[in-house]
S.K.: 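Let me give you the structure first, and then I'll get to my questions.
Predicted model, so just to flag it, every value in this text is computed and none were measured.
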Amino acid sequence: MKQRLNTGGVINGVVITVMTVMSMIILCAPAMAVPTLSDNISRKIAETIALPDERDNVLQNAIAAVKAGVPEDIIAPVIERTLENGVSGDGLVEMLQALAAAREKDLPPEPLAGKILEGLVKNVGEKSIIRAMERVEERMEFSAGLAKGLGMSKEKREDLIIETAGAIAAGMDRDSLRDIFSVMAGDRSSGRLAPVQIMEMVKAASGYGVDSRKVGKYAAALIEDKDADKGDIAKFLKDLSERAYKGISDNDPDDIVEKYMENMSSTGEDETGDAIGEENMADENNGGSSGGGGEHSGDEGGPH
């Protein structure tokens, strides 16, 4: 009995020790996992914003954005440039909140940060920058809805959202984009080109002024073509850029798309024609041998 009591005491002691250690790990884990704002950014805020309430508000929202998942290498230049360009504390807070909200919706924050920096370079007022960010966020939300269900990694999904939103900004209409994504998600998607490669082409072509419906048809053809590759896209965009930047005016952008569509159709017809020709040749060989035998039998039997 004494031996058993001693063993129980040892076991109880081990259990208590393990539980204590586990409790310490659990208590410490959240503190270790939560991202924090670097001292450099905190110092920049403290040195630039004089009013305590305004300074604290900016600091709290900067920390909240980092905790929401916005990388500090995105937040840092935003804070530095806005403060250097005289953006108010309230304006900076709205920008930081927009970045945090995007991350909470699983939207990439890079386009929003890029819009802030672009506006500052162009000396655009903070209210105009914030309105531009709202438009970018709305386009990304629409794009995220289209990308849903395609079954891709988070990184590829965010790249696709960025390119799709960029295509809308370049002039691509949303109905045509819906059609493209329908082909991507359907059984007709048998090609080798990735969705983001297709959307890069769509964005660039829209920027060159190609009609949305024609871009959509060309994109669908590329998605369905098992032989199409990035070289086809590069050549197509090269033709568009030469027309745009070298003064080549023989073809407008829509004519260039139609030419590429015709080439794809003719290639498909050639392949079908080759297959039919081979089949006919095989039939002739088989039929000639069989028919020759029948005719020969008839000749032999007729006169006799």
S.K.: Please check if the side chain of Asn85 supplies one atom and the backbone of Arg81 the other of a donor-acceptor pair under 3.5 Å.
M.R.: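 It does hold such a pair.
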S.K.: Distance from Leu83 atom CG to Leu92 atom CG, nearest 0.5 Å?
M.R.: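 Those atoms lie 5.5 Å apart.
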S.K.: Of the non-hydrogen atoms in Asp175 and Asp173, which two are nearest, and what is the gap between them?
M.R.: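 For Asp175 and Asp173, the tightest heavy-atom pair comes out as N-OD1, 3.1 Å.
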S.K.: Is Arg131 salt-bridged to Glu94, cutoff N-O under 4.0 Å?
M.R.: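 No salt bridge links Arg131 with Glu94.
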S.K.: May I ask you to decide whether Asp106 forms a salt bridge with Arg157, counting only side-chain N to carboxylate O separations under 4.0 Å?
M.R.: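 Salt bridge absent between Asp106 and Arg157.
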S.K.: Below 4.0 angstrom, N of the basic side chain to O of the carboxylate: do Lys214 and Glu258 qualify?
M.R.: yes
S.K.: Using only atom types and a distance under 3.5 Å, with no angle test, would you say the side chain of Asp254 pairs donor to acceptor with the backbone of Asp211?
M.R.: yes
S.K.: Are the side chains of Val257 and Phe236 in touch, meaning some heavy atoms are under 4.5 Å apart?
M.R.: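 With C-beta onward as the side chain, the pair touches.
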S.K.: Take atom CZ in Arg213; do more than 12 heavy atoms of anything else shown fall under 6.0 Å from it?
M.R.: no
S.K.: Could you give the distance from CD1 (Ile79) to CG (Leu96), rounded to the nearest 0.5 Å?
M.R.: 5.0 Å
S.K.: Do side-chain atoms of Ser206 reach the backbone of Ala170 as a donor and acceptor pair under 3.5 angstrom?
M.R.: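 No, because the side chain of Ser206 does not come within donor-acceptor range (under 3.5 Å) of the backbone of Ala170.
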S.K.: So, the side chain of Glu163 versus the backbone of Met199: is there a donor-acceptor pair under 3.5 Å, distance only?
M.R.: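 No, the answer is negative, given that no donor and acceptor are paired below the 3.5 Å cut-off.
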S.K.: On a heavy-atom basis, which atom in Pro108 and which in Ile161 lie closest, and how many Å separate them?
M.R.: CD-CG2, 4.1 Å
S.K.: Do the non-hydrogen side-chain atoms of Arg103 and Lys67 ever get within less than 4.5 Å of each other?
M.R.: no
S.K.: Do the non-hydrogen side-chain atoms of Leu59 and Arg55 ever get within less than 4.5 Å of each other?
M.R.: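 No - every pair of side-chain heavy atoms lies 4.5 Å or more apart.
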S.K.: Give me the atom names and distance for the closest heavy-atom approach of Leu99 to Val70.
M.R.: O-CG2, 3.5 Å
S.K.: Is there a side-chain contact between Arg178 and Arg174, using heavy atoms and a 4.5 Å cut-off?
M.R.: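 With C-beta onward as the side chain, the pair touches.
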S.K.: Determine whether Glu137 and Leu107 make a side-chain contact, defined as any pair of heavy atoms from C-beta on separated by less than 4.5 Å.
M.R.: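 The answer is yes, as the side chains (C-beta and beyond) meet within the 4.5 Å cut-off.
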S.K.: Would Leu193 and Leu237 show up in the same hydrophobic cluster when neighbours are defined by side-chain heavy atoms closer than 4.5 Å?
M.R.: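 Yes.
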S.K.: Counting distance only, does the side-chain N/O of Asn61 pair as donor-acceptor with the main-chain N or O of Asn57 below 3.5 Å?
M.R.: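 Yes: the side chain of Asn61 pairs with the backbone of Asn57.
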S.K.: Any side-chain heavy-atom pair from Phe181 and Thr164 closer than 4.5 angstrom?
M.R.: yes
S.K.: Does the distance from a Lys or Arg side-chain N to an Asp or Glu carboxylate O, for Glu138 and Arg135, drop under 4.0 Å?
M.R.: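 Salt bridge: no.
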S.K.: Tell me the closest heavy-atom pair linking Ala102 and Leu112, and the distance in Å.
M.R.: CB-CD1, 3.4 Å
S.K.: Just by distance, do the side chain of Tyr260 and the backbone of Asp232 share a donor-acceptor pair under 3.5 Å?
M.R.: no
S.K.: Grouping I, L, V, M, F, W and Y whenever their side-chain heavy atoms are under 4.5 Å apart, do Ile75 and Val136 come out in a common cluster?
M.R.: yes
S.K.: Tell me the closest heavy-atom pair linking Ile116 and Ile129, and the distance in Å.
M.R.: CA-CG2, 3.8 Å
S.K.: What closest approach, in Å, do Met172 and Ser212 show between heavy atoms, and which atom pair accounts for it?
M.R.: CE-O, 3.4 Å
S.K.: Tell me whether Lys217 is salt-bridged to Glu262, with the criterion being a basic N under 4.0 Å from an acidic carboxylate O.
M.R.: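 A salt bridge is absent here (no side-chain N lies under 4.0 Å from a carboxylate O).
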S.K.: Are Ile41 and Ile45 side-chain neighbours, meaning at least one heavy-atom pair lies under 4.5 Å?
M.R.: yes
S.K.: Just how far is it from atom CD of Glu200 to atom NZ of Lys230, taken to the nearest 0.5 Å?
M.R.: 10.5 Å
S.K.: For the pair Glu72 (side chain) and Ser38 (backbone), establish whether a donor and an acceptor sit closer than 3.5 Å, ignoring hydrogens and angles.
M.R.: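 At least one qualifying donor-acceptor pair exists.
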